Amino acid sequence: MSTPARAGGPGEGFGRERRLTQSSQFKRVFADASRAGRQGFVVLYRPNGLDQPRLGLAIAKKCARRAVDRNRLKRIARESFRRSCQQLPGVDIVVLCAQGAPREPNQRLFDVLERAWVHIGKSSCVES
């Protein structure tokens, strides 16, 4: 069986090359990160020296007790990143859950992430 074609143009997927996959990559971001985002999500980022951004998710059980809530928050973060990754510089990004995020409506969470992506794109610590 072949895999179904995705809607959208090239580079709009969320393949392995766009993800933080090793604990050392997460630790590097946590060690010296800049912050973006306020309500719902905390976005940590750091230049990665690559030509594309990479995303890591750290949605804690302490913040979103139910698995369905954690999965929803992760889906929102991945989709928002997928839509905006073409405008982002080469950074490693870790998205954390903020207290009260599971009670926020989807559109508000998307808006918070959109503002965070704009902030990262304009940030002076990131070399474009």
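Hydrogens, waters and symmetry mates play no part in the numbers below; they use all other heavy atoms, side chains included. The residues of the chain are indexed from 1 along the displayed sequence. Keep in mind that this is a model prediction, so the values were computed, not measured.
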Checklist entry - Looking at Gly40 and Ala101, what are the two nearest heavy atoms and their distance? => result O-CB, 3.2 Å
Next on the checklist: Could you tell me if the side chain of Arg19 sits less than 4.5 Å from the side chain of Leu55, heavy atoms only?
Outcome noted: no
Checklist entry - Side chain of Arg70, backbone of Ala64: donor and acceptor closer than 3.5 Å? => result yes
Next on the checklist: Is the shortest side-chain heavy-atom distance between Val29 and Phe26 below 4.5 Å?
Outcome noted: no
Checklist entry - Which pairs with one or both residues in residues 46-82 pass disulfide bond (SG atoms under 2.5 Å apart), sequence neighbours excluded? => result Cys63-Cys97
Item to check | Taking every non-hydrogen atom, the tightest pair across Val42 and Ala98 | outcome: CG2-CB, 4.3 Å
Checklist entry - Hey, are the side chains of Arg35 and Leu44 touching, using non-hydrogen atoms and a 4.5 Å cut-off? => result yes
Checklist entry - Do Arg72 and Asn106 touch side chain to side chain, with heavy atoms closer than 4.5 Å? => result yes
Checklist outcome for this item: Value for CZ (Arg75) from CG (Leu57), rounded to nearest 0.5 Å, stands at 12.0 Å
Checklist outcome for this item: Here the pair of heavy atoms bringing Pro53 nearest to Cys85 is CG-O, 3.6 Å
Item to check | Sequence neighbours excluded - side chain to side chain donor-acceptor pair (under 3.5 Å) pairs with any residue from residues 87-100 | outcome: Asn48-Asp92, Arg54-Asp92
Next on the checklist: Please give me the minimum heavy-atom distance between Ala36 and Ile120, naming the atom from each residue.
Outcome noted: CB-CG1, 4.5 Å
Checklist entry - Does a side-chain heavy-atom distance below 4.5 Å link Glu114 with Ser84? => result yes
Next on the checklist: Please report the interatomic distance CG(Leu96) to CG(Leu73), rounded to the nearest 0.5 Å.
Outcome noted: 11.5 Å
Next on the checklist: If I compare all heavy atoms of Ala77 with all of Leu113, which pair ends up nearest, and what's the gap?
Outcome noted: CA-CD1, 3.6 Å
Item to check | Arg83 and Glu79 ion-paired at < 4.0 Å | outcome: yes
Checklist entry - Is any side-chain heavy atom of Ile93 closer than 4.5 Å to a side-chain heavy atom of Phe81? => result yes
Checklist outcome for this item: Joining Ile, Leu, Val, Met, Phe, Trp and Tyr whenever any side-chain heavy atoms lie under 4.5 Å apart, the cluster holding Val118 also takes in none
Checklist entry - With the 4.5 Å side-chain cut-off for hydrophobic clustering, are Val91 and Leu20 part of the same group? => result no
Item to check | Closest heavy-atom pair and its distance - Ala58, Val94 | outcome: CB-CG1, 4.2 Å
Checklist entry - Is there any side chain to side chain donor-acceptor pair (under 3.5 Å) pair reaching into residues 58-68, and which pairs are they, with sequence neighbours excluded? => result Arg66-Asp69
Next on the checklist: Could you check whether any side-chain heavy atom of Leu88 comes within less than 4.5 Å of a side-chain heavy atom of Tyr45, counting everything from C-beta outward?
Outcome noted: no
Checklist entry - With sequence neighbours left out, what residues match Glu17 under side-chain contact (heavy atoms from CB on, under 4.5 Å)? => result Gln52
Next on the checklist: Going by salt bridge (Lys or Arg N to Asp or Glu O under 4.0 Å), name the pairs with one or both residues in residues 99-111, residues two or more places apart or in two chains.
Outcome noted: Glu104-Arg108
